[in-house]
Amino acid sequence: MQSKRIDSSDILFLPNDYLFKIFSLLPPSSLARCCLVCSSWNQIITNSSLWKQIYSQSKEHWLQLSSWTATTKGLNFLNDEVQSADWKSLYVKNQHTVLFVLGSVAIKEWKAHSRRVECCRLGMETLMTGSSDGVVCTWSLKTSKCLATFIVPNKGRVVDLEFYEDKILAVSGTEIYIWNRKKGSLLRRIQGYNQPLHSMCYADPEILVGCSDGTIRVFDIYSGRCARIFRQHSDRVTCIVVDMVACILMSGSADGTVKLCDLLTGEKICCLFTSAPPTEVLCLNHVLQQNTLIGGTSRGQVHAWDISKQKILWSVRIGPNSVHSLHSQFYDTALVVAGTINGVISILDTQSGVILRTFVIAHGRKQMTMDKKNSGESKGHLVVTGHSAMDIGSSVEDSTSNVPLPILCLKTGMTKIVTTHPDGMVRVSQFKLQ
């Protein structure tokens, strides 16, 4: 007797109640893929009732984890009774917080450049790095393999970069370089300024660069023409952030100030921060949804300001060393991650400045092991997976007991923190809940 042939498309016509039950058993990462199958699945998966159920189930697991670790700092939301909410957004936000505060950390690293890795940018599973060796590289975070290499013509130090689907922008020496990302060809080399550039921000179709003389110069990337010059600071401009919605330019400087001005006219709005004696402002991070600006200084301090009210929200010292990099996810208004020159990674609450977790990548010789099964080689570099992260609470004064790994740049993803270092290494801290 011939068996009945089952059409694989039959699953598309299951009753919605059945599909709802199936989807409620899947992890969110699988649901994201299922959303792309068809419009009817997408409608069921984005249903608030489904995410309310997922959030309730996850919350029970989070509470169990917090009881095992006896950690409650920054997890007050676990005790909140929420009656109504955007359950999907609430899940994403709180899952990220729990993961970064309670999750175990596995480290992998590889030799990305022959010299200092000055800067990096993170997009999905792709990483881009710029180095003192005058090279820009794109990497697969999944395989740790180099996908493409772009050589800076002047072979100078790459101090900042950005990348998008079709283009790569980098600043080196006194010049700006723009490549076609897919073809690898150099599209434009913007010159016209005779002093070193220290920072960059891309606001299509313009690129803003921070200069040694305290000015911010705005170039059109298509014509290469300098459209505007803003005289903001008395010393080099170390970091630039742009709010395209409010049309505000925010900048930090070695003169110890953080200033705001109109993006189009350069008209000064206010000076958010002034330090005496001058404390170099090394990095800025804009939390768009909270309209908050967070900055790190050369004295280990992190400050947060309310941009609308032009006032300080909180200030905290996370250690004795320079805070070289700050980053938070666009969707995440709860956490900001800071990296210092003595290799300490601190996770802070954006609203209060409370340090939720602090750890270093342990690099003692006894802890450095090679996992031959899980390691790989690509274009002459070796992937090491034997490092560990050592939690040190909220005190970082003794964090240099292991060999320090100074952090030059730091970026956060959904489940990982990527750091770059003076030894040419890239290190990925991968978080996982038990």
Side-chain angles (χ1 to χ4, degrees), residues 108-191 193 195-202 207 209-210 212 219 221 224 238-240 283 324-325 327 339 341 375-384 405-411 413 416-428:
K108 75 171 180 178
E109 67 171 23
W110 66 89
K111 185 76 171 179
H113 293 270
S114 60
R115 298 174 66 183
R116 294 164 56 97
V117 187
E118 303 284 356
C119 49
C120 68
R121 291 293 181 270
L122 184 62
M124 298 299 287
E125 287 300 314
T126 302
L127 176 71
M128 183 156 290
T129 57
S131 170
S132 296
D133 60 12
V135 178
V136 173
C137 295
T138 57
W139 304 88
S140 166
L141 284 176
K142 187 175 182 180
T143 64
S144 306
K145 291 184 178 180
C146 183
L147 304 176
T149 300
F150 305 84
I151 307 298
V152 175
N154 69 3
K155 298 182 180 179
R157 169 176 169 250
V158 179
V159 297
D160 209 347
L161 57 80
E162 290 283 357
F163 78 100
Y164 295 87
E165 185 176 348
D166 61 339
K167 65 175 70 73
I168 296 169
L169 305 94
V171 168
S172 176
T174 61
E175 299 174 319
I176 304 166
Y177 300 95
I178 304 172
W179 290 275
N180 182 306
R181 184 178 173 187
K182 294 179 180 178
K183 296 180 180 179
S185 57
L186 184 64
L187 297 176
R188 185 169 294 280
R189 181 176 183 174
I190 301 176
Q191 298 171 297
Y193 184 62
Q195 293 191 41
L197 306 176
H198 295 275
S199 53
M200 180 189 76
C201 183
Y202 178 53
I207 181 169
V209 291
S212 296
F219 291 89
I221 66 168
T238 54
C239 42
I240 305 172
C283 50
H324 264 240
S325 190
H327 192 238
I341 197 64
S375 64
E377 292 187 18
S378 172
K379 293 194 176 183
H381 79 278
L382 193 62
V383 179
V384 180
L405 298 171
I407 295 171
L408 300 180
C409 190
L410 171 152
K411 296 297 172 185
K416 61 180 70 71
I417 297 175
V418 178
T419 55
T420 66
H421 306 269
D423 58 0
M425 304 297 286
V426 168
R427 294 179 172 92
V428 181

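Side chains are part of it too, since the values below use all heavy atoms of this structure and drop only hydrogens, waters and symmetry mates.
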Side-chain donor-acceptor pair present, [X], [Y], cut-off under 3.5 Å:
X	Y	value
T174	Q195	no
T129	W139	yes
H421	T419	yes

- Candidate pair T238 and S199, rule side chain to side chain contact (heavy atoms under 4.5 Å, CB included), full reasoning: CA-CA 6 Å; T238 54; S199 53; 5.8 Å; no

Under a 4.5 Å cut-off applied to non-hydrogen side-chain atoms, are [X] and [Y] in contact?
X	Y	answer
H113	C137	yes
R427	V418	no
I341	I407	no
L122	L141	yes
E118	V159	no
M200	I207	yes
V136	M128	yes
K411	I417	no

How close do [X] and [Y] get, heavy atom to heavy atom, and via which atoms?
X	Y	answer
Q191	F219	O-CE2, 4.1 Å
A170	V158	CB-CG1, 4.2 Å
I151	W179	O-CZ2, 3.6 Å
P422	L408	N-CD1, 3.8 Å
S212	P196	OG-O, 2.9 Å
G123	F163	N-CZ, 3.9 Å

- Do other residues, nucleotides or ligands put more than 12 heavy atoms under 6.0 Å from the CZ atom of R189? yes

Would a distance-only check, ignoring hydrogens and angles, find a side-chain to backbone donor-acceptor pair under 3.5 Å from [X] to [Y]?
X	Y	value
S325	C409	no
R121	L161	yes
K111	D423	yes

Measure the spacing between [atom1] of [X] and [atom2] of [Y] and express it to the nearest 0.5 Å.
X	Y	atom1	atom2	value
S144	K108	OG	NZ	3.0 Å
H198	D160	NE2	CG	12.0 Å
I221	I190	CD1	CD1	7.5 Å
E162	C119	CD	SG	9.5 Å
T420	M425	OG1	CE	12.0 Å
S140	L147	OG	CG	5.5 Å

- List the steps and the verdict of side chain to side chain contact (heavy atoms under 4.5 Å, CB included) for T149 and V135. CA-CA 7 Å; T149 300; V135 178; 3.4 Å; yes

- For N180, what residues pass the side-chain contact (heavy atoms from CB on, under 4.5 Å) criterion, not counting sequence neighbours? K182, K183, S185, L187

- Message: Looking at E165 and R181, is any side-chain nitrogen of the basic one under 4.0 Å from a carboxylate oxygen of the acidic one?
- Response: no

- Item | SB check K416 E125 (cutoff 4.0 Å) | yes

- When the ring centroid of Y177 is compared with that of F150, is the distance short of 6.0 Å? no

